[in-house]
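Right, one structure below, let's go through it.
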Amino acid sequence: MSLDKITSTNVWMRLTNTEYDNLKPDELEVKFKSIYLEETGELFEGEVKIYHSSDSKNTSNLESGYDGTSLLISEGGEEKLYVINQGSVDGADWSENIKGPFAGKSTKQAEATKVFVDDSKNHFGIEDDTEVVSFGHSLGNHNSTVTGIVDDTFDEIYGVNGLQLPPLEVYDYDPTFFEAVNQHFGIKNLVDDIPDDVIASFRDLAIDYSVADNKGGVNEVASQLLGIKLEYLEGIEGNMDVLQWYAFDHDEFDETIKALKDNLPPLLEKVSVITQNADTIFGRLYEEGYITEDQKNIMIKEVANLEKDLSEAYAAIYENADINENLNELSLYGDYRLYKAFQKLKGSFTGSIENILNSGILERLESIKDSHSINEMLNALAGSSKSYSGKDLIYTTTSASGEPIEVNMSAALRLYREGALIFEDKMSAIAKLEKTVHEEIQLAFKEERNKVLDEIYHIESNPKGYAYSRGWMHRYPLYEVESLKVMDNVFPLEKADLNEQIYEMKSSVDSAYKLIEDYRKAVEDLFAEEEKLSQMFDLVRGI
């Protein structure tokens, strides 16, 4: 049946990828039908109803960052509810990745997934026995898996590159599993006693850095991670500068010292965890081919430098505790150590980061994100003649010279469909104009002309009655009107013939339509072996 083809072909995977575009309901319906046609060669003629999580108050009130769309699709007496759970997009999603899948500390989006499914059922007014199918990528697939296993929310789950399902998260989310674990092992606070592992620390620091860097670069990184403003340190070029800063900008100095005292220890702890495991972390990235050996060495070196500089700054500040507490004296030794500490901080957040950026490692690591994408999976399944780029289907053939020729089939079908619709609308408008000219001008003229001729006939055929109504019989009682002749001309309608203009408009549309038909033929000729291609062009106009 038609609904089976949604999951037995790549329709579901491409539909999941489309969720990231946040289309409006009518746009998403067209997109679904287009994908269905491209993947099956058939026109989907069933009914599609769409509901988004932003319209669900219960889901929005959870403030989890969850984003999803449900589609109630029916055809030929069959009906299913499909729920697309969007993967990681923004800071809220990646924060959920850290606290949920990686650290086992949050289940907010899994809870929101179940709430949205329940709200979707109520919105569409469907029965509990209606089959519910989940589509998801990355965090979206993870959320489906959690609530699918624990709450039995879904009858079927389809996912791409879903994030891991850690026992800690299930332990926190599923009361039954929670009790079973506690009874079996005789414990009550298992999660609270387990520290975050190396990966959680690494990702936690990476997220903090990424969010800050997106807001304002290195200065914002320093502000978010250390609580300081780098501009305060710009004038610190020697020992005397520290004394002058302390003496004349006491509030800035006090603010900086206290911020470092509060923020350095937790930051240093995270960096130390990464440093201690740098060989493993960056060594594995090198072994898997994501980074070069030089880039591996640069990362290990710069992370170690960063830890060293932060450690020296930490020591300088805490060895001058009297400055922090009393702020009333500065020893020469303390002055020098603070100056060196500030210099190290400036160097750490500029030199080390610039070295990492210049190494090109971040560009190399983009391949990890690419490998995590839905397109990676689609292309692996596509074969040699088909591939996927972005949200589109690509056909590939070989020219006479042996060079590959690629045609964006999704774009070709969109062009043909949208062009045909535009030309149909234009022809419809021309037909309306032609009808209006005929009815509102030509027929209206004939109607008014006939009215005038009827009135003339009435006058001329009834002279006595007309004379009486005009009062002539009273003024001239000795006379009798025997006949009347209306001396008037009804001129023919002029300058209302638009046939030539209408013909020109029709010819213009016909010429444009011929262009897209020629384009269609050219594509069909390139892929003559694709038997369904011509049918796809015919059917796409029905979407």
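Owing to the predicted nature of the structure, the values given are computational and were not obtained by experimental measurement.
- At least one donor-acceptor pair closer than 3.5 Å links the side chain of S144 to the backbone N or O of G140.
- Ring pair H123/Y51 is parallel by interplanar angle, where below 30° counts as parallel and above 60° as perpendicular.
- Taking both residues in full, the closest heavy atoms of I84 and L15 are given as CD1-CG, 3.7 Å, listed atom of the first, atom of the second, then distance.
- Without hydrogens or angle criteria, R417 side chain to I543 main chain gives a donor-acceptor distance under 3.5 Å.
- Counted by atom type alone, E19 and N85 present zero donor-acceptor pairs between their side chains at under 3.5 Å.
- The minimum heavy-atom distance linking Y416 with F537 is given by the pair CE2-O, 3.2 Å.
- Expressed to the nearest 0.5 Å, how far CD1 of I422 lies from CE of M427 amounts to 14.5 Å.
- Here the straight-line distance linking atom CG of D55 with atom OG1 of T69 works out to 9.5 Å at 0.5 Å rounding.
- Listed by first and then second residue, the salt bridge (Lys or Arg N to Asp or Glu O under 4.0 Å) pairs that reach into residues 130-156 are K80-E131, sequence neighbours excluded.
- Residues that satisfy the side-chain contact (heavy atoms from CB on, under 4.5 Å) test with S410, not counting sequence neighbours, are R14, E38, D392, L393, N408, R414.
- No donor-acceptor pair closer than 3.5 Å links the side chain of E39 to the backbone N or O of Y36.
- Nearest heavy atoms, S56 versus F116: CB-CD1, 4.2 Å.
- Taking Y513 as the reference, nothing meets the ring-ring contact (aromatic ring centres under 6.0 Å, His included) condition, with sequence neighbours excluded.
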